[in-house]
Trainee: 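I'd like to ask some things about the structure below.
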Amino acid sequence: MSFLKTFFKDVFHKTDQVDDTVKGKGNPKPEYHGTVTPYPSFNATQDAATLQSAIQSKGVDEDVIIAILLKRSNEQRQKVKVVYEASFGKKLEADLKSGLRSDFEDVCLALLMDPTHYDAHLLRKATKGFGTHEDILVEILATRSNQEIREINRVFNKEYKTELQKVIQDETKGDFASALLAMLKANKDESKEVDMNLAQKDAEILFEAGENTKGINVSAFIDILTKRNASQLSKTFQQYANVSDVTLPKALEMELRGDIEKCLMDIVKCSWNTPAFFAEKLHLAMKGHGTGDDTLIRVLVTRSEVDLKKIVKEYKAMYGVCLQEDIQKDTRGHYEAILLGLCGAP
């Protein structure tokens, strides 16, 4: 893996999960790391009218569309959609499709979907047609909470009239399918508790399942990596270094090949440092010839109300350049403007 050394070189010291809670009176609240926040003077009726005017104006006023979509939270955008259809008898998405084009259209439509429906849409798109986008399947299942995965399952079934589990079984095979289905069960420990005895035991199990045996017992890796919480796995990675001459990521690289190697490596990266995992995705999308626009849109939209501030910070730390600078080099026009707006100020 070409980016293995770079990734873990820059984030390897981050072995303890940070407590992102804001201290104060009453119950502590998690610190917010998104770049999009609710608009304080929100008025769904006014926004709907403004958007309709922008869409119907000669040439379409993209600047107005950007200003509204970026300054409203996802929850607020959902309310604007409802009011728009009630007021004008047409869906906002349909009107935007008729007036916008290309990547800019794709970003706007993505911003109008609620997170669960967007994830379900991404999973359907990744498994439909010729070929399967395995990296997207892993990305979503490895970075969503148990409750979010359960909701994705429900929405997927409702929207596409088939179970996501069945789609994964039909489209993937072997150990890779087993890993995806394990994550789909949504029974990962989500606490921050750490059991050092369990970390030592898991490290020994992983060593025996991989390096210290002929062949490799992939099921042992899948079971541990898909069930333990991030803090627990970080300690397991540390303990692994005590029983092996190499790190766990290096062991995975040596012992595995193909989709299952990439899958388990991504799970390790997410457990170790989720923002760095997404920073690497964005970097690869803009590295070399051409731009992975689907990746740029997917990551920036899905993380804009989660941890995009952290991702921007990790990007600079890992690659020595601001994410916004690379976006400016690879994109143009209103598409560039809306992506930069999602990233926030550099």
Trainee: Kindly write out the residues that satisfy side chain to side chain contact (heavy atoms under 4.5 Å, CB included) with His133, not counting sequence neighbours, or none if the list is empty.
Mentor: Ala126, Asp135, Ile136

Trainee: Keeping to residues at least two apart or across chains, list the side-chain hydrogen bond (donor to acceptor under 3.5 Å, both in side chains) pairs with something in residues 168-177.
Mentor: Thr132-Glu171, Lys166-Asp170

Trainee: Could you check whether any side-chain N or O of Arg72 sits under 3.5 Å from a backbone N or O of Phe42, counting only pairs where one atom can act as donor and the other as acceptor?
Mentor: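 Such a contact is absent between Arg72 side chain and Phe42 backbone.
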
Trainee: Among pairs that include at least one residue of residues 241-266, which meet ring pair (Phe, Tyr, Trp, His ring centres under 6.0 Å), considering only residues two or more places apart or in two chains?
Mentor: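 Sorted result for residues 241-266: empty, none.
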
Trainee: Who are the side chain to side chain contact (heavy atoms under 4.5 Å, CB included) partners of Gln56, not counting sequence neighbours?
Mentor: Gln52

Trainee: Is there a donor-acceptor pair closer than 3.5 Å between any side-chain N or O of Glu190 and the backbone N or O of Asn146?
Mentor: yes

Trainee: Please give the remaining members of the hydrophobic cluster of Val194, linking ILVMFWY side chains under 4.5 Å, ordered by chain and number.
Mentor: Met196

Trainee: Determine which pairs satisfy ring pair (Phe, Tyr, Trp, His ring centres under 6.0 Å) with at least one residue from residues 50-102, sequence neighbours left out, and list them in order.
Mentor: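 For residues 50-102: Tyr84-Phe88.
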
Trainee: Can you check whether Asp106 reaches Asp293 side chain to side chain, under 4.5 Å on heavy atoms?
Mentor: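 The answer is no, as the side chains (C-beta and beyond) never meet within the 4.5 Å cut-off.
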
Trainee: Which atoms form the tightest heavy-atom contact between Pro249 and Met265, and what is the distance?
Mentor: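 Heavy atoms only, the tightest pair is O-CE, 3.2 Å.
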
Trainee: Indicate yes or no: does Glu280 engage Lys269 in a salt bridge with an N to O separation below 4.0 Å.
Mentor: yes

Trainee: With no hydrogens and no angle check, is any side-chain donor or acceptor of Lys188 less than 3.5 Å from a backbone partner on Arg228?
Mentor: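 Yes, Lys188 side chain to Arg228 backbone: donor-acceptor pair under 3.5 Å.
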
Trainee: Output yes when a side-chain donor or acceptor of Asp307 lies under 3.5 Å from a complementary backbone atom of Lys310, and no otherwise.
Mentor: no

Trainee: Decide whether Leu180 and Val155 are clustered together by the hydrophobic rule: side chain heavy atoms of Ile, Leu, Val, Met, Phe, Trp, Tyr closer than 4.5 Å, transitively.
Mentor: no

Trainee: Please check: side-chain N/O of Ser53 versus main-chain N/O of Thr50, any donor-acceptor pairing under 3.5 Å?
Mentor: no

Trainee: Can you see whether Ser219 engages Asn217 through a side-chain donor-acceptor pair at a distance of less than 3.5 angstrom?
Mentor: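 Side-chain D/A pair, Ser219 to Asn217: present.
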
Trainee: When you check the gap from the basic side-chain N to the acidic O, do Lys227 and Asp189 get nearer than 4.0 Å?
Mentor: no

Trainee: For Glu85 and Lys90: C-alpha separation, side-chain torsions, deciding distance, then whether salt bridge (charged side-chain N to carboxylate O under 4.0 Å, His left out) applies.
Mentor: CA-CA 5 Å; Glu85 184 173 3; Lys90 296 176 65 178; over 6 Å; no

Trainee: Hey, does the side chain of Thr226 reach the backbone of Met183 with a donor-acceptor pair shorter than 3.5 angstrom?
Mentor: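 Side chain of Thr226 to backbone of Met183, a donor-acceptor pair under 3.5 Å: no, none is there.
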
Trainee: Are Leu181 and Leu141 grouped together when hydrophobic residues (ILVMFWY) are joined by side-chain heavy atoms under 4.5 angstrom apart?
Mentor: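 Yes.
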
Trainee: Share the residues that join Val246 in a hydrophobic cluster, the rule being Ile, Leu, Val, Met, Phe, Trp or Tyr side chains under 4.5 Å apart at the heavy-atom level.
Mentor: Met254

Trainee: Donor-acceptor pair, Ser244 side chain versus Tyr240 backbone, under 3.5 Å?
Mentor: no

Trainee: Let me check something: do Val268 and Leu198 share a hydrophobic cluster, defined by ILVMFWY side-chain heavy atoms less than 4.5 Å apart, either directly or through other members?
Mentor: no

Trainee: Only one of Ile311, Leu111, Ile327 forms a side chain to side chain contact (heavy atoms under 4.5 Å, CB included) with Leu300, so which one is it?
Mentor: Ile327

Trainee: Can you give me the closest heavy-atom contact between His121 and Met113, atom names plus distance?
Mentor: CB-CE, 3.7 Å

Trainee: My understanding is that only one of Glu75, Gln76, Lys81 makes a side-chain hydrogen bond (donor to acceptor under 3.5 Å, both in side chains) with Gln78; could you say which?
Mentor: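 Result: among Glu75, Gln76, Lys81, Lys81 is the only option passing the side-chain hydrogen bond (donor to acceptor under 3.5 Å, both in side chains) with Gln78.
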
Trainee: Counting heavy atoms not belonging to Gln147, are there more than 12 under 6.0 Å from its CD?
Mentor: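 Result for CD/Gln147: enclosed.
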
Trainee: Begin with the C-alpha distance, continue with both residues' side-chain angles, and end with the deciding distance and a verdict on salt bridge (charged side-chain N to carboxylate O under 4.0 Å, His left out) for Lys262 and Glu134.
Mentor: CA-CA 9 Å; Lys262 295 175 185 176; Glu134 292 85 358; over 6 Å; no

Trainee: Mind checking what makes side chain to side chain contact (heavy atoms under 4.5 Å, CB included) contact with Gln200, not counting sequence neighbours?
Mentor: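 For Gln200, the residues satisfying side chain to side chain contact (heavy atoms under 4.5 Å, CB included) (neighbours in sequence not counted) are Glu204, Gln239, Val243.
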
Trainee: Keeping the roles fixed (side chain from Ser304, backbone from Val301), state whether a donor-acceptor pair exists under 3.5 Å.
Mentor: yes

Trainee: With sequence neighbours left out, what residues match Arg77 under salt bridge (charged side-chain N to carboxylate O under 4.0 Å, His left out)?
Mentor: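 Salt bridge (charged side-chain N to carboxylate O under 4.0 Å, His left out) list for Arg77, sorted by chain: empty.
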
Trainee: Would you mind reporting whether Thr302 and Arg144 have side-chain heavy atoms less than 4.5 Å apart?
Mentor: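 Arg144 vs Thr302: side chains touch.
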
Trainee: Under the side chain to side chain contact (heavy atoms under 4.5 Å, CB included) test, which residues partner Val321, sequence neighbours left out?
Mentor: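 With sequence neighbours excluded, Val321 shows a side chain to side chain contact (heavy atoms under 4.5 Å, CB included) to Tyr315, Tyr319, Glu325, Asp326, given in chain and number order.
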
Trainee: Honestly curious: do Ile216 and Ile205 fall in one hydrophobic cluster under the side-chain, below-4.5 Å linking rule?
Mentor: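 Ile216 clusters together with Ile205.
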
Trainee: Between Leu256 and Phe221, is there a side-chain heavy-atom distance shorter than 4.5 Å?
Mentor: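 No, every pair of side-chain atoms sits at 4.5 Å or beyond.
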
Trainee: Tell me whether Gln328 at atom CD has more than 12 heavy atoms from other residues, nucleotides or ligands lying less than 6.0 Å away.
Mentor: yes

Trainee: Can you run down the ring pair (Phe, Tyr, Trp, His ring centres under 6.0 Å) pairs that involve residues 43-78, sequence neighbours left out, and say none if there aren't any?
Mentor: none

Trainee: I need the full list of ring pair (Phe, Tyr, Trp, His ring centres under 6.0 Å) pairs touching residues 142-196, with sequence neighbours left out, sorted by first then second residue.
Mentor: Phe156-Tyr160

Trainee: Indicate yes or no for a side-chain donor-acceptor contact from Gln232 to the backbone of Asp195 under 3.5 Å, with no hydrogens or angles considered.
Mentor: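 It does hold such a pair.
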
Trainee: Let me check something: do Ile149 and Val306 share a hydrophobic cluster, defined by ILVMFWY side-chain heavy atoms less than 4.5 Å apart, either directly or through other members?
Mentor: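 Different clusters: Ile149 never reaches Val306 through Ile, Leu, Val, Met, Phe, Trp or Tyr contacts under 4.5 Å.
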
